[in-house]
Asks: 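Let me begin by handing over the structure; questions about it come next.
Just so you know, ligand 1 is whichever comes first in the structure, and atom 1 is the first atom listed for that ligand. Below, each value reflects all heavy atoms present in this structure, side chains not excepted, and no hydrogens, waters or symmetry copies.
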Amino acid sequence: MSFGERIFLPYPRKITVMSVEEAILLRRSYRSFRSDPVNIEHLALILWSAYGISDPVNLFRVSPSAGATYPLEVYVAIGERGVVDSTGFIPAGVYRYEPYTHTLNPIKYGDIRRELARAALDQIYIEEAPIDIVVTAIYRRTTRYYGKRGEIRYVPMDVGHMGQNIYLMATALGYGTVAIGAFNDDEVAKVLGCSKEETPIYIMPIGVPREYRKIDFSDIKIVIENNRKKLLRSI
Ligand SMILES: Cc1cc2nc3c(=O)[nH]c(=O)nc-3n(C[C@H](O)[C@H](O)[C@H](O)COP(=O)(O)O)c2cc1C
């Protein structure tokens, strides 16, 4: 496959065996990744979990959005040998996720991970991860209905919902991620090649963590039990 072709992602389907409560328990921010590529089936499911369609009638998305205005755009920066399908590696570059067709639209050729990390205070895990999801907002879509409230409340809330979906699906598939908000907006926009009306909001590197966090519900039970004992002693 050469860069420039639209990628028709595998249809969303049930893959994971992890329960929601396990994914919530195991979710953590990971900042160190192996170089293992992300499988296209997994990337497709993560992108669908971010902003895919879950309502065939109204075309509503998996993430709630104020007034269903859907102000966000989702990009994935694929590194060299970052994503693999049955025929080989997907060409490195920036792709925009198009929810209605569940496709990746090629935007910019080449591996931008290093430049992206530079634009984000040299947070090197952005370069280390095989892929980075970048979320941008087109505020106007929401502010035209809700004014300032749309900008300072609703759009950030929408991004939070999406971010958590990405965290949880990445966890359930055996990957790790971290929500990154510290970066230079203009530089990220330039590196990404998005339109002028878009503001970058999140960068989420995704990859197999170098070390998985081990935790069980029994560990949480112990902490809660101890806290309860302290509470009972204090009253
Ligand atoms: C809005 C927001 C911005 C964040 N920005 C960064 C960031 O720029 N760099 C980073 O390493 N982590 C960032 N984080 C991740 C937090 O540091 C992390 O969620 C927090 O330490 C709690 O850890 P946990 O996610 O493992 O529960 C951000 C999280 C949020 C919600």
Asks: So does P200 get a backbone contact from the side chain of T136, meaning a donor-acceptor N/O pair under 3.5 Å?
Replies: no
Asks: Nearest protein heavy atom to atom 30 (C) of ligand 1: under 4.0 Å?
Replies: yes
Asks: Would you say H102's side chain and F8's backbone share a donor-acceptor pair under 3.5 angstrom?
Replies: no
Asks: How far is atom 14 (N) of ligand 1 from its nearest protein heavy atom, and which residue and atom is that?
Replies: A179 O, 2.8 Å
Asks: Applying a 4.0 Å heavy-atom criterion (strictly less than), which segment of V178 is in contact with ligand 1: side chain, backbone, both, or neither?
Replies: side chain
Asks: For ligand 1, which atoms have a heavy atom of A182 less than 4.0 angstrom away?
Replies: 8 (O)
Asks: Can you list the steps and then say if Y95 with F3 is a ring pair (Phe, Tyr, Trp, His ring centres under 6.0 Å)?
Replies: CA-CA 10 Å; Y95 298 80; F3 185 83; 5.4 Å; yes
Asks: Would you check whether Y125 reaches within less than 4.0 Å of ligand 1, judged by its heavy atoms?
Replies: yes
Asks: Would you say atom 22 (C) of ligand 1 makes contact with the protein, given that contact here means a non-hydrogen protein atom less than 4.0 Å away?
Replies: no
Asks: When you measure from atom 25 (O) of ligand 1 to every protein heavy atom, which one gives the shortest distance, and what is it?
Replies: S29 OG, 2.5 Å
Asks: Parallel, tilted or perpendicular: which fits the ring planes of F60 and Y70, with parallel below 30° and perpendicular above 60°?
Replies: tilted
Asks: Whether the side chain of E197 engages the backbone of Y139 through a donor-acceptor N/O pair (distance < 3.5 Å, no angle test) should be reported.
Replies: no
Asks: List every atom of ligand 1 that sits less than 4.0 Å from any heavy atom of R27, numbering the atoms from 1 in the order shown and giving each element.
Replies: 24 (P), 25 (O), 27 (O)
Asks: Identify the protein heavy atom lying closest to atom 17 (O) of ligand 1, giving its residue, its atom name and the separation to 0.1 Å.
Replies: R31 NH2, 3.1 Å
Asks: N/O to N/O below 3.5 Å, does that happen between G181 and ligand 1?
Replies: yes
Asks: Write down the atom of L116, the atom of A77, and the distance for their closest heavy-atom approach.
Replies: CD2-CB, 4.5 Å
Asks: Report the part of Y202 in contact with ligand 1, treating N, CA, C, O as backbone and CB onward as side chain, heavy atoms under 4.0 Å; options are side chain, backbone, both, neither.
Replies: side chain
Asks: So does I206 get a backbone contact from the side chain of Y125, meaning a donor-acceptor N/O pair under 3.5 Å?
Replies: no
Asks: Any chance the rings of Y51 and Y97 have centres within less than 6.0 Å?
Replies: no
